[in-house]
Amino acid sequence: MQTLIRGCSQLVTMAGPARPRGGVEMQEIGLVENGALLIEDGKVLAAGDYESVCRVAADGFDAKNVEGRVVTPGLVDAHTHPVFGGSRLDDFERRIQGLSYAEIARMGGGIRSTYLKTQNSKEEDLLKAGEVLLMQMMQSGTTAIEAKSGYGGSVYHELSLLRVLSKLNAQGKMKIVPTLLGAHAVPEGYMSASFAKIVAEEMIPVAASEGLAQFVDVFVEDGYYSHDDARLIASAARQHGLGIRLHVDQLHDGGGAALAAELGAKTADHLEHVSIEGILALKDKGVIPVLLPGSVYCLGSNQYPPARKMIDAGLPVVIASDFNPGSSPVLSLTATMNMACTQMKMLPSEALVACTVNAANSIGLGGQIGSLEKGKSADFVVWNASDYRELAYWVGANLVNQVWVDGVRL
């Protein structure tokens with residue numbers, strides 16, 4: 001049976017080119033006043049003004065009136081770390097007391113502390129914790145994520161985290177694109193080059209052969225992994241048919257954007273300290289920037305990525321939560337949108353494009369989600385708002401009224 005969603009004060013379709021949108025295109029959201037959405041068999045059949053959509057509808061459709069609310073595509077979080085053991089509450093207090101990210105790591109905190117907690121957790125407990133976190137994300141309007149491993153610290157535990165992600169994906173509630181982040185922090189007792197070799201020769205072949213990952217990521221930063229480490233891992237990823245994503249230029253300008261361009265990465269993530277030359281390199285090679293204002297905010301920094309320079313250069317900017325237990329315990333993409341608007345001076349329309357259609361393209365799902373167009377998955381959110389700009393405006397409020405995935409209300 002067909003379902004008609006009617007009574008939308010605004011229907012944000014994101015209709016447009018079948019690719020990520022950059023420059024002024026990021027202000028084009030396919031807004032329809034008094035819109036309606038027709039869905040059938042989990043897919044969008046029609047989206048537009050009420051009268052034109054009704055002409056497409058068959059007799060006997062089921063009508064749902066959203067009573068003057070905004071409807072948008074489900075939000076897409078293109079950078080998350082949702083499976084781990086324990087918390088980093090000690091790190092949180094240390095940051096409040098003025099310690100830096102590097103100082104906390106030297107004291108035994110940081111990513112390595114989560115390695116130990118994760119390694120001491122049972123897989124079933126990690127699965128249950130992941131279910132809770134994903135439900136909280138969905139209740140905030142997120143219907144798809146890119147999800148990284150990265151807290152295993154060994155071959156066995158990294159692959160275990162990917163298997164947990166596979167089980168979460170199989171539940172069919174949240175669409176999950178898995179990424180192997182074996183090269184996150186360097187485990188105790190290793191040099192970065194020796195562990196990068198383990199990632200390339202032992203983790204990647206298994207993750208690829210078992211279908212556990214679609215991408216590989218590397219944290220390229222002083223004290224973590226070098227450009228040469230990233231080249232080795234990227235070469236192995238390409239050999240095994242996996243895409244490449246990179247954490248770069250987060251703590252300083254280390255030429256990471258140029259490295260991402262050199263390696264043909266799908267995305268370059270963080271980019272707080274990217275140079276103009278780095279921005280131009282991303283543009284030249286078609287690398288998508290994924291900006292993470294939540295980690296800047298939670299670390300108490302004021303060095304946000306230069307989103308306006310990227311948009312003005314024509315780059316298709318993505319914003320994501322960077323949800324993780326340490327530097328960005330942020331589950332809400334609407335909170336991230338607010339940070340993007342207030343701290344990076346993105347318009348509400350640009351922020352919404354950045355976590356729907358652009359984000360979907362950045363994780364390889366642009367043909368399925370991210371916009372409400374004929375043939376795409378009927379993943380959408382009904383908001384307790386009459387204007388889409390309210391999503392970024394109301395700080396800390398959860399405006400979600402309904403979440404639908406594949407045409408089913410959750």
Before giving the answer on side chain to side chain contact (heavy atoms under 4.5 Å, CB included), spell out for D77 and E146 the whole-Å C-alpha distance, their side-chain angles and the decisive distance to 0.1 Å.
-> CA-CA 6 Å; D77 199 336; E146 182 263 6; over 6 Å; no

Do R6 and V53 pass the side chain to side chain contact (heavy atoms under 4.5 Å, CB included) test, and can you show the C-alpha distance, the side-chain angles, and the key distance before you say yes or no?
-> CA-CA 9 Å; R6 62 183 179 88; V53 170; over 6 Å; no

Could you go step by step and tell me if T13 and V32 meet the side chain to side chain contact (heavy atoms under 4.5 Å, CB included) rule?
-> CA-CA 8 Å; T13 67; V32 181; 4.2 Å; yes

Check step by step if side chain to side chain contact (heavy atoms under 4.5 Å, CB included) holds for L161 and L126.
-> CA-CA 8 Å; L161 292 179; L126 294 172; 3.9 Å; yes

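When atom types are taken as modelled, the side chain of D284 and the backbone of L280 share no donor-acceptor pair closer than 3.5 angstrom. The backbone N or O of S9 sits nowhere less than 3.5 Å from a side-chain atom of N34 that would complete a donor-acceptor pair. Checked by atom type and distance alone, the side chain of Q303 pairs as donor or acceptor with a backbone atom of E272 at under 3.5 Å. For the pair Q239 (side chain) and A236 (backbone), a donor-acceptor distance under 3.5 Å is absent. Looking at S160, its side chain never comes within 3.5 Å of a backbone N or O of Y156 through a donor-acceptor pair. At least one donor-acceptor pair under 3.5 Å links the side chain of S332 to the backbone N or O of T334. A donor-acceptor contact shorter than 3.5 Å links the side chain of S209 to the backbone of P205. Between the side chain of H227 and the backbone N or O of G254, at least one donor-acceptor pair lies under 3.5 Å.
R19 and N361 share no donor-acceptor pair across their side chains, judged by distance under 3.5 Å alone. Side-chain contact, D322 with H81: a donor N or O sits under 3.5 Å from an acceptor N or O. A side-chain donor from one of H157 and S154 sits under 3.5 Å from a side-chain acceptor of the other. Between the side chains of D49 and S52, at least one donor N or O sits under 3.5 Å from an acceptor N or O. Side chains of T179 and D217: no donor on one and acceptor on the other come within 3.5 Å. Checked by atom type, the side-chain pair S349/Q27 shows no donor-acceptor distance below 3.5 Å. Side-chain polar atoms of E221 and H252 form a donor-acceptor pair below 3.5 angstrom. In this structure, a donor-acceptor pair under 3.5 Å is absent between the side chains of Q368 and S377. Side chains of D62 and T3: a donor-acceptor N/O pair is absent below 3.5 angstrom, by distance only. Using a 3.5 Å distance cut-off with no hydrogens or angles, the side chains of D228 and S226 do not pair a donor with an acceptor. Side-chain contact check for S371 and E373: at least one donor-acceptor pair (N or O, by modelled atom type) lies under 3.5 Å. Between T142 and S140, the side chains place no donor N or O within less than 3.5 Å of an acceptor N or O (distance only, hydrogens not considered).
The side-chain heavy atoms of L271 and Q250, taken from C-beta on, include no pair separated by under 4.5 Å. Put simply, the side chain of V71 does not reach to within 4.5 Å of the side chain of V12, judged on heavy atoms. When side chains are defined from C-beta on, N324 counts as touching Y151, because their heavy atoms get closer than 4.5 Å. For the pair T143 and V403, the minimum side-chain heavy-atom distance is below 4.5 Å. In this structure, the side chains of N358 and R21 come closer than 4.5 Å at one or more pairs of heavy atoms. Considering only heavy atoms from C-beta on, P306 comes within 4.5 Å of V274 through its side chain. Within the 4.5 Å cutoff, the side chain of V330 has no heavy atoms near those of the Y297 side chain. M337 places none of its side-chain heavy atoms less than 4.5 Å from the side chain of Y393.
To the nearest 0.5 Å, the span separating CG on L212 from OG on S166 amounts to 6.0 Å. Taking CZ from R389 and CG from L391, the interatomic distance works out to 12.0 Å, rounded to the nearest 0.5 Å. I176 contributes atom CD1, which lies 4.5 Å from atom CD1 of I145 (distance to the nearest 0.5 angstrom). The distance from atom CG of L333 to atom SG of C355, rounded to the nearest 0.5 Å, is 5.0 Å. Between atom CD of residue E123 and atom CG of residue L127 there is a gap of 7.5 Å, rounded to the nearest 0.5 Å. How far CZ of R95 is from SG of C298: 7.0 Å, rounded to the nearest 0.5 Å.
The ring pair (Phe, Tyr, Trp, His ring centres under 6.0 Å) analysis of residues 262-292, with sequence neighbours excluded, yields the pairs H79-H270, H247-H270. Counting only residues at least two apart or on different chains, the salt bridge (charged side-chain N to carboxylate O under 4.0 Å, His left out) pairs with a member in residues 198-210 are R163-E210. Among residue pairs with one or both ends in residues 350-389, those qualifying as ring pair (Phe, Tyr, Trp, His ring centres under 6.0 Å) are F380-W404; sequence neighbours excluded.
Using a cutoff of 4.0 Å between basic side-chain nitrogens and carboxylate oxygens, R94 and D91 are scored as salt-bridged. A salt bridge is absent between K167 and E124; no separation between the charged side-chain nitrogens and carboxylate oxygens falls under 4.0 Å. Under a 4.0 Å N-O distance rule, the pair R231/E262 qualifies as a salt bridge. One finds no salt bridge joining R88 and D90 here, because no Lys/Arg side-chain nitrogen approaches an Asp/Glu carboxylate oxygen to under 4.0 Å.
The salt bridge (charged side-chain N to carboxylate O under 4.0 Å, His left out) test applied to E28 returns no partner, not counting sequence neighbours. Judged as a salt bridge (charged side-chain N to carboxylate O under 4.0 Å, His left out), and not counting sequence neighbours, E131 has no contacts.
Annotation for E93: atom CD does not count as buried by contact number, only 12 or fewer foreign heavy atoms lying within 6.0 Å.
Checked against V218 for a side chain to side chain contact (heavy atoms under 4.5 Å, CB included), the options I233, L259, I244 give a single hit: I233. Residue D406 is tested with K175, K43, K376 for a salt bridge (Lys or Arg N to Asp or Glu O under 4.0 Å); the sole match is K175.
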Only pairs under 3.5 Å count here: list side-chain donor-acceptor contacts from residues 339-347, not counting sequence neighbours, and write none if there are none.
residue	atom	partner	partner atom	Å
T342	OG1	N338	O	2.9
K345	NZ	T342	O	3.0

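Between Y224 and Y101, the ring-plane angle classifies as tilted under the 30° and 60° cut-offs.
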